[in-house]
Amino acid sequence: MSAALQIEELSVRYGDSVAVDQVSLTMQPGECLAILGANGAGKSSLAAAIARVVTSTTGSIIIDGQEVSAWSAHRLVRSGVAYLPEQRAIFPGLLVEENLRLAVRRMTRDHRRSAIEDAFDLFPVLRDRREQTAATLSGGEQQMLALASALVTHPKLLVCDELSLGLAPVIVDIVYGALNRAREAGLTIVLIEQYVDKALGIADNALIMRRGRQVWAGAADAARDTVAQQYLGST
Ligand code: ATP
């Protein structure tokens with residue numbers, strides 16, 4: 001079986017500065033990998049490079065056996081890679097239901113209807129808000145809409161950047177509950193997080209970055225016990 005994601009010596013440059021420096025990793029299907037590190041460590045750049053939103057990269061990105069490092073971000077989305085950037089990926093001027101309809105537009109009519117109901121079952125508050133524009137939702141509800149829009153497409157790989165950023169703890173629990181159910185259903189997830197305990201609570205493995213480099217990789221349990229404290233103090 002192909003690895004779900006294989007990265008070899010991936011670097012990201014912004015002009016002369018190197019944000020990600022020769023990172024390599026392999027993920028098996030169904031694995032959840034937490035990418036941890038202090039501010040500026042390069043986590044968001046790595047996530048954006050996997051999603052092909054940042055293209056100033058060298059190295060190799062293989063998803064499900066296919067080399068994608070020259071693909072457009074759109075082609076990657078169509079192949080089943082969902083990316084939730086730090087800025088919530090919703091259409092603020094559209095209604096909640098219109099956002100979901102856009103997410104499922106490539107499905108058949110019957111599947112579209114049931115996928116939207118699945119989204120409402122996942123986060124019932126979205127059902128109550130279906131006729132509201134997304135801009136009028138709270139930050140937590142917007143994040144639920146972004147996550148639901150990604151999950152209902154049944155991606156083969158989900159890349160989440162700072163899902164919990166700015167959310168109240170009770171909302172973080174709801175969002176992570178949904179993510180954990182998706183993980184249990186077999187979704188492969190790359191999780192960028194500042195909220196280390198939350199990420200390691202659902203991750204199988206962890207990779208710790210510092211100044212663009214990977215400084216540690218291993219099981220999430222081991223990261224929780226010792227390594228996070230050692231590496232996450234500063235960039
Ligand atoms: P944070 O948690 O603060 O988002 P991070 O670990 O995700 O940090 P990145 O956002 O990937 O780190 O940033 C890595 C480095 O790249 C930083 O030094 C940052 O200033 C720089 N950087 C990020 N985006 C850009 C950009 N568009 N142009 C130039 N430099 C950038």
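All ligand and atom numbering here is 1-based and tracks the order in the structure.
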Other than Leu102, what residues sit in its cluster of Ile, Leu, Val, Met, Phe, Trp and Tyr side chains whose heavy atoms are under 4.5 Å apart, directly or through others?
Phe91, Leu94

Give the minimum heavy-atom separation between Cys160 and Leu163, together with the two atoms involved.
CB-CG, 3.9 Å

With Gln194, which residues qualify under side-chain contact (heavy atoms from CB on, under 4.5 Å), at least two apart?
Asn39, Lys43, Glu162

State whether Lys198 and Asp173 are salt-bridged, where the test is any N-O pair (Lys NZ or Arg NE/NH1/NH2 against Asp/Glu carboxylate O) under 4.0 Å.
yes

For ligand 1, list the protein residues that place a heavy atom within a distance below 4.0 Å of one of its atoms, sorted by chain and number.
Tyr14, Ala19, Ala38, Asn39, Gly40, Ala41, Gly42, Lys43, Ser44, Ser45, Glu86, Glu162, Gln194

Do the side chain of Arg210 and the main chain of Val215 share a donor and acceptor less than 3.5 angstrom apart?
no

Non-neighbouring partners of Tyr176 that pass side chain to side chain donor-acceptor pair (under 3.5 Å), sequence neighbours left out:
Glu193

